[in-house]
Student: 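The following block contains the structure, expressed as structure tokens.
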Amino acid sequence: MGGTMESLISLVNRIQRACTVLGDYGAADTALPTLWEALPSVVVVGGQSSGKSSVLESIVGRDFLPRGSGIVTRRPLVLQLQKTDQGLQDYAEFLHMPKKRFTDFSMVRKEIQDETDRLTGKSKQISPVPIHLSIYSKNVVNLTLIDLPGLTKVAIEGQPESVVRDIENMVRSYVEKPNCIILAITPANQDIATSDAIKLAREVDPTGERTFGVLTKLDLMDKGTNALEVLEGRAYRLQHPWVGIVNRSQSDINKNVDMIAARQREHEFFARSTDYAHLSSKMGSEYLAKILSEYLESVIKARIPGISSSINRSIDELEAELNHLGRPVAIDAGAQLYAILELCRIFDRIFKEHLDGGRPGGDRIYGVFEHQLPAALRKLPFDHHLSLKNVRKMVSEADGYQPHLIAPEQAYRRLIESALNYFRGPAEASVDAVHVILKEIVRRSIGETQEMKQFPTLQAEIAGAAAEALERFREDSKKTTLRLVEMESSYMTVDFFRRLPQEVEKGGNPAASSAERYPEGHFRRIGSNVSSYVQMVSETLKNTIPKAVVHCQVREAKRSLLDHFYTQLGKKEGKQLAELLAEEPALMERRQQCAKRLQLYKSARDEIDTVAWSR
């Protein structure tokens with residue numbers, strides 16, 4: 001499950017990144033903020049010089065953030081960490097420079113500074129427009145962190161007087177959201193009662209449910225003092241344990257001490273400390289990253305229904321819009337016809353791959369025959385139908401005024417025929433179940449035909465034609481399977497009846513004696529004989545129904561799913577073909593973005609559904 005959840009965190013990271021990209025082209029789209037609201041992220045909050053940058057760099061294991069005195073972080077930094085395989089080189093990518101990989105992290109620091117200055121100038125102004133940075137490394141856990149400007153109490157030279165309020169409002173806009181996990185940074189050499197981060201976190205998260213307290217600069221405390229009151233939760237209790245961090249010293253930074261070496265020093269500090277040794281396993285930047293990732297997993301797991309709902313709502317809106325748009329590929333009717341046929345060929349290949357095993361789907365049809373049909377047959381109410389009371393009733397009704405002499409043939413026939421009628425239900429249910437699966441495979445195949453995504457009108461036509469064909473196949477299959485049941489009722493195995501007189505003769509004439517026409521054992525034997533015959537028929541139908549369904553539905557779907565569509569397509573003229581591939585030039589950019597969103601959300605839905613069903 002851990003691997004699955006880790007992939008889900010990566011998925012959430014990708015959705016957040018894609019929402020940002022696509023939001024640049026669709027600010028008026030209400031689906032994006034709704035989806036973003038459902039996705040959790042970790043927001044780093046602290047006062048200026050509280051050690052926020054050092055905490056982030058310790059988690060990443062890289063020295064990449066701008067440093068200096070005063071306010072250094074002047075724009076939110078959305079940092080998405082992606083764990084890579086061993087042996088791959090670490091690199092970074094900016095959203096505003098999507099095609100450029102940074103392997104020199106000093107250049108990452110410079111680009112953050114340059115990108116900040118592009119928007120705010122060289123002044124100390126702040127901006128709420130975030131910088132998006134993704135770091136790919138084997139030394140990180142999958143995590144999304146948002147670094148915000150440090151809280152401050154006074155404006156410095158070059159800043160407007162409103163900067164204190166502006167920064168607090170910016171920070172509040174993030175931490176007030178219920179999907180926000182707050183990483184509250186406080187230096188250990190500062191009284192916890194005066195911590196800006198804890199004060200703000202207490203206001204927006206009074207229960208401490210989504211707040212993680214981080215105590216930095218533990219190595220800089222006065223000799224003879226320690227931070228155990230805070231770290232052990234006695235000074236200010238949170239629902240999550242406090243984590244202590246040892247930042248790199250300025251000397252280490254000046255000497256370019258490697259972050260991995262710094263992590264080792266941090267570990268040694270806690271392990272050798274007389275004050276903190278008993279807490280060493282739960283201290284340090286690596287432990288902080290671990291518990292954040294684990295908590296993020298649990299939050300995502302709890303929010304799967306909300307995330308799925310937002311994604312499905314977005315898909316509905318986008319599909320509705322794409323169905324309203326069209327795109328031609330050529331003016332010439334011959335080229336248009338060729339393009340449509342080629343797209344149909346690709347779709348047909350993908351559809352067959354789903355059935356034949358190259359893609360998922362065909363195994364579900366096997367599941368209908370192997371599990372659903374046998375289970376339905378076992379649940380048929382034969383115990384009630386062949387109860388002593390019902391057998392006695394049907395035998396008496398079949399005999400009329402004249403009791404049977406040897407074997408009640410009419411009663412046998414009535415019991416068997418009425419019992420066999422129960423098989424109609426499982427037969428029809430198998431047909432319908434395979435029909436649903438085939439429809440779903442058509443839907444998935446259309447969605448996976450990437451070349452067709454830009455032609456929603458053609459998608460709808462093919463979906464409609466396939467649905468009509470599948471409906472015809474279903475009707476044929478239903479008739480055939482029900483005919484199998486009727487055939488069993490129409491002619492019963494003669495040998496079965498020929499055995500009955502011999503069995504009765506062995507037990508004597510049941511018509512002799514008692515107030516009732518026949519003794520109870522006689523009825524029980526009749527019920528047992530009918531049950532044996534019905535079981536024989538059940539075994540037969542368990543084998544023949546799948547054959548009929550595959551022959552009438554699956555085989556026909558593979559062979560002639562779009563035959564009627566091709567016939568109608570051959571009758572279309574140039575104008576009608578163009579309508580299938582129609583396009584509005586002025587809306588091309590918007591449509592392209594919608595298609596990208598749709599692809600993203602459908603992929604997200606499939607992955608989230610996979611995780612949800614695997615829980």
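All residue numbers refer to positions in the sequence shown, counting from 1. All heavy atoms count here, side chains included; hydrogens, waters and symmetry mates do not. None of the values given here were measured: they were computed from a predicted structure.
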Student: Between His354 and Pro360, is there a donor-acceptor pair closer than 3.5 Å when you use the side chain of the first and the backbone of the second?
Tutor: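 The answer is yes, because a donor-acceptor pair under 3.5 Å joins these two groups.
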Student: Only counting residues at least two apart or in another chain, list the ones meeting ring pair (Phe, Tyr, Trp, His ring centres under 6.0 Å) with Tyr91.
Tutor: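 Partners of Tyr91 under the ring pair (Phe, Tyr, Trp, His ring centres under 6.0 Å) test: Tyr136.
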Student: Do the charged groups of Lys138 and Asp85 touch, with an N to O distance under 4.0 Å?
Tutor: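 Here Lys138 does not pair with Asp85 in a salt bridge, since their nearest N and O are not under 4.0 Å apart.
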Student: Could you pull out all residues at least two apart from Asp363 that satisfy side-chain contact (heavy atoms from CB on, under 4.5 Å)?
Tutor: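 Partners of Asp363 by the side-chain contact (heavy atoms from CB on, under 4.5 Å) criterion come out as none, since no residue qualifies.
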Student: Between the main-chain N or O of Arg210 and the side-chain N or O of Asp205, is there a donor-acceptor pair closer than 3.5 Å?
Tutor: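 Flag set: sc Asp205 to bb Arg210 pair under 3.5 Å.
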Student: Just to verify, what does Asp191 make a side-chain contact (heavy atoms from CB on, under 4.5 Å) with, not counting sequence neighbours?
Tutor: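 By the side-chain contact (heavy atoms from CB on, under 4.5 Å) rule, Asp191 matches Ala193, Thr194.
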Student: Any salt bridge linking Glu448 with Arg359? Criterion: basic side-chain nitrogen under 4.0 Å from a carboxylate oxygen.
Tutor: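 Counted as a salt bridge, because a side-chain N and a carboxylate O are separated by less than 4.0 Å.
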Student: Does a side-chain N-to-carboxylate-O contact under 4.0 Å join Lys110 and Glu115?
Tutor: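 Salt bridge flag = no for Glu115 with Lys110.
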Student: Under a 4.0 Å N-O cut-off, is there an ion pair linking Arg165 with Glu168?
Tutor: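 The answer is no: the pair does not qualify as a salt bridge.
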Student: With no hydrogens and no angle check, is any side-chain donor or acceptor of Thr116 less than 3.5 Å from a backbone partner on Ile112?
Tutor: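 A pair under 3.5 Å: yes.
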Student: Sequence neighbours left out, what pairs pass ring-ring contact (aromatic ring centres under 6.0 Å, His included) with at least one residue falling in residues 170-206?
Tutor: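 Listed by first then second residue: nothing to list.
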Student: Would you confirm whether Arg109, through its side chain, and Leu65, through its main-chain N or O, come within 3.5 Å as a donor-acceptor pair?
Tutor: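 Looks like yes, one N/O pair under 3.5 Å.
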Student: Return yes if some donor-acceptor pair links the side-chain N/O of Glu93 with the main-chain N/O of Lys99 below 3.5 Å, else return no.
Tutor: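 Not at all, since once roles are kept as given, no pair shorter than 3.5 Å links the two residues.
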Student: Does Ser445 have any side chain to side chain donor-acceptor pair (under 3.5 Å) partners at least two apart in sequence or in another chain, and if so, which?
Tutor: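 Side chain to side chain donor-acceptor pair (under 3.5 Å) check on Ser445 returns nothing, list empty.
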Student: So, using ring pair (Phe, Tyr, Trp, His ring centres under 6.0 Å) as the criterion, who are the partners of Phe212 when residues are at least two apart?
Tutor: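 His240, Tyr295.
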Student: Ser273: which residues meet the side-chain contact (heavy atoms from CB on, under 4.5 Å) condition with it, sequence neighbours left out?
Tutor: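 Ser273 satisfies side-chain contact (heavy atoms from CB on, under 4.5 Å) with Asp275, Tyr276 only.
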Student: Could you tell me whether the side chain of Arg263 and the main chain of Ser58 form a donor-acceptor pair under 3.5 Å?
Tutor: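 Here the side-chain-to-backbone pair exists.
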Student: Filter on ring-ring contact (aromatic ring centres under 6.0 Å, His included), then keep only pairs touching residues 97-130, sequence neighbours left out; what's left?
Tutor: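 ring-ring contact (aromatic ring centres under 6.0 Å, His included) check on residues 97-130 returns Phe94-Phe102.
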Student: Could you note down all residue pairs passing ring-ring contact (aromatic ring centres under 6.0 Å, His included) where residues 107-128 supplies at least one of them, sequence neighbours left out?
Tutor: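 Listed once each, the pairs would be none.
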Student: Any sub-3.5 Å donor-acceptor pair from Thr225's side-chain atoms to Met221's backbone N or O?
Tutor: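 Checking the backbone N and O of Met221 against the side chain of Thr225, no donor-acceptor pair under 3.5 Å is found.
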Student: Looking at Glu57 and Phe64, would you say the former's side chain and the latter's main chain have a donor-acceptor pair under 3.5 Å?
Tutor: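 Here the side-chain-to-backbone pair exists.
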Student: Could you verify whether a donor N or O on one side chain and an acceptor N or O on the other, from Thr186 and Ser195, lie under 3.5 Å apart?
Tutor: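 A pair is found: one side chain offers a donor N or O, the other an acceptor, under 3.5 Å apart.
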Student: side-chain contact (heavy atoms from CB on, under 4.5 Å) with Lys290: which residues, sequence neighbours excluded?
Tutor: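 Only Glu294 meet the side-chain contact (heavy atoms from CB on, under 4.5 Å) criterion with Lys290.
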Student: Who passes side chain to side chain donor-acceptor pair (under 3.5 Å) against Glu176, sequence neighbours left out?
Tutor: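 Residues passing side chain to side chain donor-acceptor pair (under 3.5 Å) with Glu176: none at all.
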Student: Sequence neighbours excluded, which residues qualify as salt bridge (charged side-chain N to carboxylate O under 4.0 Å, His left out) partners of Arg272?
Tutor: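 Testing Arg272 for salt bridge (charged side-chain N to carboxylate O under 4.0 Å, His left out), a comparison that skips the adjacent residues, returns none.
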Student: Could you point out which residue of Asn139, Leu56, Ile135, Leu133 forms a side chain to side chain contact (heavy atoms under 4.5 Å, CB included) with Leu81?
Tutor: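 The passing option is Ile135.
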Student: So, are Glu440 and Arg443 salt-bridged, with charged N and O less than 4.0 Å apart?
Tutor: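 Salt bridge flag = yes for Arg443 with Glu440.
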